[in-house]
Amino acid sequence: FIFLFLHRYKKNLKACYIVHPTFWTKMMTWWFTTFMAPAIKQKVHSIPGVEYLYSIISPNQLEIPAFITEYDMTVSSTSMFLCLGQAFQIMAIL
């Protein structure tokens, strides 16, 4: 995935987040960043769900399709989404 970026994008890349990585994805990412592109190893992060992405990047900066959010709710705990939903309602009121 990273090798698809042009050199100037790799140079300016701040972080790359992989959401819901499988074991295979984690292994390939580790191999690629260790042996092929060690300079970007600290920039590639695997996170278990969308709620962790929301803690890193503001939700209003992301456009996540509904089917991904639904999948995330079935895979991970829905309690985080309830908290996020309440936080969004509070932010909408303000």
Side-chain angles (χ1 to χ4, degrees):
F1 60 92
I2 298 292
F3 56 88
L4 298 174
F5 294 134
L6 296 173
H7 176 69
R8 66 182 173 163
Y9 295 128
K10 284 193 281 187
K11 183 178 175 185
N12 294 327
L13 181 70
K14 301 293 181 211
C16 177
Y17 298 101
I18 302 171
V19 182
H20 300 130
T22 61
F23 178 74
W24 177 253
T25 306
K26 289 179 185 178
M27 290 301 295
M28 291 305 297
T29 303
W30 174 83
W31 186 85
F32 179 75
T33 58
T34 301
F35 299 113
M36 301 296 287
I40 63 167
K41 186 168 184 137
Q42 23 329 348
K43 296 180 181 182
V44 178
H45 308 282
S46 296
I47 54 176
V50 176
E51 69 267 12
Y52 296 97
L53 189 61
Y54 287 152
S55 67
I56 299 166
I57 302 171
S58 175
N60 54 354
Q61 291 181 340
L62 298 172
E63 293 184 25
I64 297 177
F67 72 92
I68 293 176
T69 307
E70 291 170 5
Y71 173 77
D72 198 59
M73 285 194 293
T74 60
V75 172
S76 61
S77 172
T78 57
S79 63
M80 183 62 161
F81 283 98
L82 294 175
C83 294
L84 284 174
Q86 291 172 353
F88 288 142
Q89 289 174 352
I90 292 171
M91 287 177 15
I93 292 170
L94 298 175

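Side chains are part of it too, since the values below use all heavy atoms of this structure and drop only hydrogens, waters and symmetry mates. For reference, positions follow the sequence shown, starting with 1.
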Out of curiosity, Trp31 CH2 to Met36 CE, how far, rounded to the nearest 0.5 Å? 5.0 Å

Side-chain heavy atoms of Ile47 within contact of Ile18, under 4.5 Å: no

Name all residues meeting the side chain to side chain donor-acceptor pair (under 3.5 Å) criterion together with Thr22; count only those two or more places apart in sequence or in a different chain, and write none if there are none. Thr25

Hits for side-chain contact (heavy atoms from CB on, under 4.5 Å) against Pro38, two or more places apart or cross-chain, chain-then-number order -> none

Phe35, CZ: over 12 other non-hydrogen atoms inside 6.0 angstrom: yes

Listed by chain and number, what are the side-chain contact (heavy atoms from CB on, under 4.5 Å) partners of Pro48, not counting sequence neighbours? Tyr52

Quick check: do Cys16 and Lys43 have side-chain heavy atoms less than 4.5 Å from each other? no

Give the C-alpha distance, both sets of side-chain angles, the deciding distance and a yes or no for side-chain contact (heavy atoms from CB on, under 4.5 Å) between Val44 and Phe32. CA-CA 11 Å; Val44 178; Phe32 179 75; over 6 Å; no

Considering residues at least two apart in sequence or located in another chain, which fulfil the side chain to side chain donor-acceptor pair (under 3.5 Å) criterion with His20? Asp72

Using the rule that Ile, Leu, Val, Met, Phe, Trp and Tyr join whenever any side-chain heavy atoms are under 4.5 Å apart, tell me whether Trp30 and Ile40 fall into a single cluster. yes

Could you work out, with side-chain contact (heavy atoms from CB on, under 4.5 Å) as the rule, every residue matching Glu70, not counting sequence neighbours? Ala66

Tell me, please, which residues at least two apart from Ile64 pass side-chain contact (heavy atoms from CB on, under 4.5 Å). Val50, Leu53, Tyr54, Leu62, Ile68, Thr69

